[in-house]
Amino acid sequence: MNPRPKLRTAVLGYGLSGRVFHAPLIAADPDYSLDAIVTSHPVRSADAATAHPETLIIPDAQTLFARAADFDVVVIGTPPATHAPLALEAIGHGLHVVIDKPFAISAAEGREVIAAADAAGVKLSVFQNRRWDADFLTVARVVREGSLGEVHTFESRFERWKPAGLRDWKDSAGISGGGGVLFDLGSHVIDQAVALFGPAAKVHGLTRRISAGGSDADEDASIVIRHQSGVDSHLSVGLHFAVPAPRFRVLGSRAGFEIWGTDGQEAALDAGMKPDDAGYGRVPENQWGRLGVPGSMEPVPSAVGAYPEFYRLFATAVHGNTLLPVDPEDAVATLQIIEDIHGSNRA
């Protein structure tokens, strides 16, 4: 049997997302060929050419879409305000599309892109890579195995110490352009909570900005979701946290689980580690989480981080063999929660 053809892929954008996540994961996956990277930034163009010497560097999206017949998949890793317009153009050319979180800058935009993909018969997914963090996979396993009993509280934090505040477009774009931490880190923690415990029944959130300046982009956000399942999720994201707290804490009727630190895949990829290198995604024993009750907490072996799983699943979905790695309707649900929080904070 002949192997299925590689998916000819173009990555739009070569900032952190394109450079650290998309290009390395695609280049390492045998189901894909990394045929083009699109960036107009001269330094990033040079970096891309050095890291991926066999890949064509294209200066802009218009040039890419003029050659749409040369590609099967477009990955959109540009700022959020450009996601929907670029996705609609790619879909119009019959291309399958992967879009970085937060998918779009409104739930309505997201629904428009989904409708266009459905009408065109192309695959569309959202790169919610944090579903494959080692710590989140471990949390999901602990919950699934039932050792916690009936879970009632889920805590998730993506807290950083960056007192200088937001940088670049994440600040200047403002909320209307998809800027701020709620669209950024908030997209991850909301998506994880809903993926684990189901749709939201009630949502409450507070955002704030500490830095001076004219932008309304939020720098810290706290979110409470009461899921239809009855679990309460308490989520925190932001840049002004000088003292660390557990990344996850899950509380149930029989026990609790906590895990500290941050998944190491981003740092490993940024340092040049390849997704197929030995040891990729593995967590040292001294960073494992702990399960139990006061006075009796036992270490729990960590799952292996698995960002490559997203692209493996997307390829099989394109070839008609499985569901999408992330349903874009899930991303719309996350956007709706973000919109509701922003709306209540403006009221």
Side-chain angles (χ1 to χ4, degrees), residues 101-104 106-108 110-111 114 125-159 180-207 218 220-238 245-260 263 289 291 293 300 303 310 323-345 347:
K101 59 81 192 162
F103 184 25
S106 71
R111 294 186 190 101
I114 291 171
S125 192
V126 181
F127 188 67
Q128 285 286 7
N129 59 301
R130 297 288 176 178
R131 293 191 184 188
W132 289 273
D133 278 358
D135 47 19
F136 181 69
L137 291 172
T138 306
V139 167
R141 187 186 71 211
V142 169
V143 170
R144 185 172 61 248
E145 290 175 348
S147 53
L148 297 170
E150 185 174 347
V151 174
H152 52 76
T153 304
F154 173 63
E155 297 176 3
S156 173
R157 300 172 181 86
F158 224 130
E159 298 170 345
V181 297
L182 191 55
F183 271 120
D184 184 24
L185 302 178
S187 293
H188 287 311
V189 297
I190 293 169
D191 176 75
Q192 288 178 328
V194 173
L196 196 55
F197 296 111
K202 296 181 181 179
V203 176
H204 176 70
L206 292 173
T207 61
D218 44 72
D220 296 306
S222 57
I223 306 138
V224 179
I225 300 172
R226 173 152 292 175
H227 299 269
Q228 292 176 14
S229 62
V231 176
D232 287 347
S233 287
H234 298 260
L235 316 174
S236 174
V237 294
R247 172 69 180 90
F248 292 108
R249 188 169 72 149
V250 194
L251 306 175
S253 59
R254 292 203 298 268
F257 176 78
E258 67 172 9
I259 191 165
W260 292 66
D263 177 90
L291 171 71
V293 297
V300 175
F310 176 91
L323 299 175
L324 291 162
V326 177
D327 188 330
E329 292 287 358
D330 293 352
V332 168
T334 293
L335 285 169
Q336 190 62 63
I337 289 172
I338 291 171
E339 284 185 16
D340 290 347
I341 293 170
H342 279 148
S344 66
N345 278 266

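Just so we're clear, the structure is a prediction, and the values are computed from it rather than from any experiment.
Residues Gly205 and Ser344 share a closest heavy-atom pair of O-OG, 4.1 Å. Across all their heavy atoms, Ala108 and Glu339 have their closest contact at N-OE2, 4.4 Å. Among all heavy-atom pairs drawn from Ala200 and Ile225, the shortest one is CB-CG2, 3.5 Å. Of all heavy-atom pairs between Gln192 and Ser156, the closest is OE1-OG, 4.1 Å. Nearest heavy atoms, Ser106 versus Leu335: O-CD1, 3.5 Å. The two residues Arg254 and Gly146 make their nearest non-hydrogen contact at NH2-O, 2.6 Å.
In this structure, the side chain of Asn345 engages the main chain of Ile341 through a donor-acceptor pair within 3.5 Å. A donor-acceptor contact shorter than 3.5 Å links the side chain of Asp327 to the backbone of Glu329. The main-chain N or O of Phe136 is never found under 3.5 Å from a side-chain atom of Arg247 such that the two would form a donor-acceptor pair. For Thr138 (side chain) and Ala303 (main-chain N/O), a donor-acceptor pair under 3.5 Å exists by modelled atom type. With Asp133 contributing its side chain and Asp263 its backbone, the two residues share no donor-acceptor pair below 3.5 Å. A donor-acceptor contact shorter than 3.5 Å is absent between the side chain of Gln228 and the backbone of Gly198. Although no hydrogens or angles enter the test, the distance criterion places no donor-acceptor pair under 3.5 Å between the side chain of Ser125 and the main chain of Leu324. Of the possible donor and acceptor atoms, none in the side chain of Asp218 sits under 3.5 Å from a partner among the backbone N and O of Thr207.
From Leu251, atom CG reaches atom CD of Glu150 across 13.0 Å, with rounding to the nearest 0.5 Å. Here the CG atom belonging to Leu185 is positioned 14.5 Å from the CZ atom belonging to Arg157, to the nearest 0.5 angstrom. Atom CD of residue Glu258 and atom CG of residue Asp135 lie 13.0 Å apart, to the nearest 0.5 angstrom. Summarising the geometry, atom CG belonging to Leu235 is positioned 13.0 Å from atom NE2 belonging to His188; distances are rounded to the nearest 0.5 Å. The distance from the CG atom of Leu148 to the OG atom of Ser253 is 8.5 Å, given to the nearest 0.5 Å.
In this structure, Val126 and Phe103 have side chains that are in contact, with non-hydrogen atoms separated by less than 4.5 Å.
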When you look at Val224 and Lys202, which way does the side chain to side chain contact (heavy atoms under 4.5 Å, CB included) test go after all the steps? CA-CA 8 Å; Val224 179; Lys202 296 181 181 179; over 6 Å; no
Check the pair Leu182, Ile223 against side chain to side chain contact (heavy atoms under 4.5 Å, CB included), reporting the backbone distance first and the verdict last. CA-CA 10 Å; Leu182 191 55; Ile223 306 138; 3.7 Å; yes
Please assess Gln128 against Ser187 for the test side chain to side chain contact (heavy atoms under 4.5 Å, CB included), listing each intermediate value before the final yes or no. CA-CA 8 Å; Gln128 285 286 7; Ser187 293; 4.2 Å; yes
Apply side chain to side chain contact (heavy atoms under 4.5 Å, CB included) to the pair Val300 and Arg141, showing each step before the final yes or no. CA-CA 10 Å; Val300 175; Arg141 187 186 71 211; 3.4 Å; yes
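Not a single ring-ring contact (aromatic ring centres under 6.0 Å, His included) links Phe158 to another residue, sequence neighbours left out. Legend: residues meeting side-chain contact (heavy atoms from CB on, under 4.5 Å) with Asp232, ordered by chain and number and at least two apart, are Arg226, His234. Every residue two or more places apart in sequence or in another chain that forms a side-chain contact (heavy atoms from CB on, under 4.5 Å) with Val194 is listed here: Ile190, His227, Ile337.
By the 4.0 Å N-to-carboxylate-O rule, Asp191 lies close enough to Arg131 to be salt-bridged with it.
No option in Phe197, Phe257, Phe154 other than Phe197 meets the side chain to side chain contact (heavy atoms under 4.5 Å, CB included) test with Val143.
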